[in-house]
Amino acid sequence: MRTLLLSLSAFFLMGGACFAEGRLPPGGGNGSLKPCPKTPNCVSSQADDPEHAIAPLTYSDSRAEAKARLLKVLTEMKRTTIVADQDDYIHAEARSLIFRFVDDVEFAFSASGKVIHVRSASRVGSSDLGVNRKRVEEIRRRFARPQQ
């Protein structure tokens, strides 16, 4: 029992350290997402540098329709789970096939226009071999596709 309590305590302390370092998603707020770290395993439509910058998603229908379409796209993607669905924010986790690494994929709906800001970032490591950028482009492709 004591070993179990010590193990659980260590787990929660390490989890708190990861959160303090910003490794876990920051959550939505005022249409902005947390900046990418200096490592190349993150893309964001709010980044200024070319290494991390990616275009936001845009839509022409209503915000509610766009959000429903985006949620549908995310639920249809393999190994992707929606963990937060708030008024102006969506957070999903995408797991890699073999090692089960978790990437955070976040969307913030802009209050000033038909724009959805996006951030996709690996929780661990430095390089992602372009996986986060490819994921966002796949989401963009599916989001833009006419829905049946």
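Fair warning: this is a prediction, and the values are worked out from it, not measured in the lab.
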N/O donor to acceptor pairs below 3.5 angstrom from side-chain atoms of residues 94-102, sequence neighbours left out:
residue : atom : partner : partner atom : Å
Ser96   : OG   : Arg100  : N            : 3.0
Ser96   : OG   : Phe101  : N            : 2.8

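Side chain of Ser127 to main chain of Leu129: a donor-acceptor pair is present (N/O by atom type, distance under 3.5 Å, no hydrogens or angles). Using modelled atom types, no side-chain atom of Asn41 and backbone atom of Asp128 make a donor-acceptor pair closer than 3.5 Å. Judged purely by atom type and a 3.5 angstrom limit, Arg69 has no side-chain atom pairing as donor or acceptor with the backbone of Arg142.
The shortest distance between side-chain heavy atoms of Ile139 and Val118 does not fall below 4.5 Å. Glu93 is listed as a side-chain neighbour of Asp104, based on a closest heavy-atom distance under 4.5 Å. Taking the side chain as every heavy atom from C-beta outward, Thr80 and Arg135 never approach each other to under 4.5 Å. Considering only heavy atoms from C-beta on, Arg140 comes within 4.5 Å of Leu57 through its side chain. By the 4.5 Å heavy-atom criterion applied to side chains, Pro56 and Ile116 are not counted as neighbours. In this structure, the side chains of His117 and Ser32 stay at 4.5 Å or more apart for every pair of heavy atoms. Residues Tyr59 and Leu70 are not in side-chain contact: their nearest non-hydrogen atoms beyond the backbone lie 4.5 Å or more apart. The closest side-chain heavy-atom distance from Ser44 to His52 is not below 4.5 Å.
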Test side-chain contact (heavy atoms from CB on, under 4.5 Å) applied to Phe109 and Ile90, step by step: CA-CA 9 Å; Phe109 288 76; Ile90 297 171; 4.0 Å; yes
Chi angles and distances behind the salt bridge (Lys or Arg N to Asp or Glu O under 4.0 Å) call for Lys134, Glu137: CA-CA 5 Å; Lys134 289 174 191 168; Glu137 293 305 337; over 6 Å; no
side-chain contact (heavy atoms from CB on, under 4.5 Å) evaluation trace for Ser122 with Asn132: CA-CA 8 Å; Ser122 303; Asn132 284 294; 3.1 Å; yes
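Salt-bridge check for Glu106 with Lys34: failed, with every basic side-chain N at 4.0 Å or more from each acidic carboxylate O. Using a cutoff of 4.0 Å between basic side-chain nitrogens and carboxylate oxygens, Arg63 and Asp88 are not scored as salt-bridged. Ionic pairing of Glu138 and Arg141 is present here: one or more N-O contacts between side-chain nitrogen and carboxylate oxygen are shorter than 4.0 angstrom.
In the displayed structure, Asp61 atom CG is contacted under 6.0 Å by more than 12 heavy atoms of other residues, nucleotides or ligands.
Of all heavy-atom pairs spanning Ser60 and Lys114, the tightest one is O-NZ, 3.4 Å. Across every non-hydrogen atom of Ser45 and Ala55, the tightest pair is CB-C, 3.9 Å.
The structure places OG1 of Thr58 at 7.5 Å from CZ of Phe143, a figure rounded to the nearest 0.5 Å. A distance of 13.0 Å separates CZ in Arg123 from SG in Cys42, rounded to the nearest 0.5 Å.
The cluster map of Ile, Leu, Val, Met, Phe, Trp and Tyr, joined by side-chain heavy atoms under 4.5 Å apart, puts Val115 and Val43 in different clusters. Under the 4.5 Å side-chain heavy-atom criterion for Ile, Leu, Val, Met, Phe, Trp and Tyr, Ile54 and Met77 are members of the same hydrophobic cluster.
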